Amino acid sequence: MKEHKTLSNRFEWVPPDKRRSRFGGGPVPPRKPETRVPILWLTRDGNELYLVNLSKEALDLVIVDSGGYMTADDDVLTMGNKEPYQYKDVKPNDAVKVDEYDGYYDLDWVLQVYLTIKSPSLGCIEIASPPEKGGIDETVLLWDTGESGKYVSIRKCQEAK
C-alpha cells in the first residue's frame, strides 16, 4: 500500500546561482542568474520524491504514475506501478509524495515519473519527467514563463471520445 503524504511549506526553491556548494558549503562557481521561477518542480527528501506546487492556485487533481527499465547483458527489465498516487486539492506551497526510491536496489534502474494535473489555469496537462538513473533528484517541470523544464515533456490531456 502506498503511503500518501502532503507537506506544507517544507521546500524552498533556490536558483542555481544562489546555491551553496555541496563540498564545504562555499559558493558555487559563477553562473548566469536564473530569472524564472518554477510553478511545478520535483525534489527529493531522502528516498522520497515530492511534487511541489509553487503556483498561486490549488491543483484540483494530481495523478502520478512511474516506471523504468534496467538492462542486464542483452536483457531489458521493465517495471511500473500497479497503483498510482492520487491527490485532490493540492494547495499552493504544498508538496505531495509522488515516488519512493531504494538507495541501493534502484541505483541501476532508469526511472521516470508521469503526472496528470488538472487546475483552473493549466487545464488538464500530462507531464513526463526526464528519465534518470537511480531516480530523480530535482527537476523543474514547469516555469512561470510557461516553458517546460529541461528534457520535460508537457502536453494537453487527450479528451475522452
Side-chain angles (χ1 to χ4, degrees), residues 1-23 25 27-28 31 33-68 79-107 109 111-157:
M1 172 109 184
K2 292 187 183 256
E3 177 189 9
H4 287 68
K5 272 190 190 178
T6 302
L7 305 174
S8 295
N9 298 311
R10 168 74 170 79
F11 300 103
E12 180 183 349
W13 185 78
V14 177
D17 57 299
K18 304 274 191 255
R19 294 182 184 185
R20 306 297 290 175
S21 172
R22 295 183 292 184
F23 309 107
V28 294
R31 57 178 71 189
E34 181 59 71
T35 57
R36 302 173 295 180
V37 176
I39 292 177
L40 301 171
W41 64 295
L42 296 172
T43 190
R44 232 163 129 164
D45 185 22
N47 289 335
E48 297 177 334
L49 181 67
Y50 289 89
L51 168 69
V52 182
N53 176 17
L54 291 181
S55 71
K56 304 290 186 224
E57 67 181 5
L59 305 176
D60 298 333
L61 179 66
V62 176
I63 301 172
V64 187
D65 203 358
S66 62
M79 72 167 189
N81 278 335
K82 292 183 180 179
E83 155 188 359
Y85 285 95
Q86 185 168 332
Y87 298 93
K88 293 183 181 182
D89 194 33
V90 179
K91 306 228 181 309
N93 295 316
D94 277 3
V96 292
K97 181 178 169 185
V98 296
D99 209 351
E100 188 168 346
Y101 303 125
D102 183 283
Y104 181 76
Y105 292 108
D106 287 339
L107 291 177
W109 287 87
L111 302 169
Q112 191 170 18
V113 175
Y114 307 95
L115 301 115
T116 301
I117 296 174
K118 292 181 184 178
S119 80
S121 66
L122 297 174
C124 179
I125 58 172
E126 295 174 343
I127 302 174
S129 74
E132 292 190 29
K133 191 166 186 176
I136 298 162
D137 187 44
E138 178 184 358
T139 191
V140 172
L141 299 173
L142 181 63
W143 294 100
D144 62 346
T145 59
E147 299 170 89
S148 60
K150 191 173 185 179
Y151 306 120
V152 173
S153 170
I154 300 177
R155 65 185 181 127
K156 293 285 183 189
C157 296

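Side chains included, hydrogens not; waters and symmetry mates left out as well; all remaining heavy atoms used. The chain is numbered in sequence order, starting from 1. Note that this is a predicted model, so its numbers are computed, not measured.
Distance check, rounded to the nearest 0.5 Å: CD1 of I125 to OG of S153 gives 10.5 Å. Atom OG1 of T139 and atom OH of Y151 lie 10.5 Å apart (nearest 0.5 Å). Rounded to the nearest 0.5 angstrom, I154 CD1 and I127 CD1 are separated by 4.5 Å. In this structure, S148 OG and L142 CG are separated by 8.0 Å, a value rounded to the nearest 0.5 Å. The CG atom of L141 sits 6.5 Å away from the CG atom of L51 when rounded to the nearest 0.5 Å. Note: Y85 OH to L49 CG = 9.5 Å, rounded to the nearest 0.5 Å.
The two residues G103 and N47 have their closest heavy-atom pair at N-OD1, 4.0 Å. Here the shortest heavy-atom pairing between K97 and Y87 reads O-OH, 2.6 Å. In terms of heavy-atom proximity, I63 sits nearest to P84 at CG2-CB, 4.3 Å.
The closest side-chain heavy-atom distance from I136 to L111 is not below 4.5 Å. Using a 4.5 Å heavy-atom cutoff, the side chains of Q86 and L61 are in contact.
Evaluation of the side chain to side chain donor-acceptor pair (under 3.5 Å) rule for D106 yields no partner, not counting sequence neighbours. Residues that satisfy the side chain to side chain donor-acceptor pair (under 3.5 Å) test with S55, not counting sequence neighbours, are N53. Under the rule for a side-chain contact (heavy atoms from CB on, under 4.5 Å), the partners of P131 that lie at least two apart in sequence or sit in another chain are V110, Q112. Every salt bridge (charged side-chain N to carboxylate O under 4.0 Å, His left out) that D45 has, sequence neighbours left out, goes to R10. Residues meeting the ring-ring contact (aromatic ring centres under 6.0 Å, His included) test with Y101, sequence neighbours left out: none. For D89, the side-chain contact (heavy atoms from CB on, under 4.5 Å) partners two or more places apart in sequence, or in a different chain, are A58, K91. For E126, the salt bridge (charged side-chain N to carboxylate O under 4.0 Å, His left out) criterion is met by R155, not counting sequence neighbours. Residues that satisfy the side-chain contact (heavy atoms from CB on, under 4.5 Å) test with T43, not counting sequence neighbours, are F11, W41, V52, E138. Residues satisfying the salt bridge (charged side-chain N to carboxylate O under 4.0 Å, His left out) test with K5, not counting sequence neighbours, are E48. The side-chain contact (heavy atoms from CB on, under 4.5 Å) test applied to E147 returns R36, W143, T145, not counting sequence neighbours.
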Return all side-chain donor-acceptor pairs below 3.5 angstrom for residues 116-124, not counting sequence neighbours, or 'none' if the list is empty.
| unit_1 | atom_1 | unit_2 | atom_2 | d |
| --- | --- | --- | --- | --- |
| S119 | OG | E57 | OE2 | 3.0 |
| S119 | OG | L122 | N | 3.1 |
| S121 | OG | E57 | OE2 | 2.5 |

| L54/N93 under side-chain contact (heavy atoms from CB on, under 4.5 Å): CA gap, chis, key distance, verdict | CA-CA 5 Å; L54 291 181; N93 295 316; 3.5 Å; yes

| task | Dump the intermediate steps for side-chain contact (heavy atoms from CB on, under 4.5 Å) on V96 and V64, then the final yes or no. | result | CA-CA 10 Å; V96 292; V64 187; 5.8 Å; no

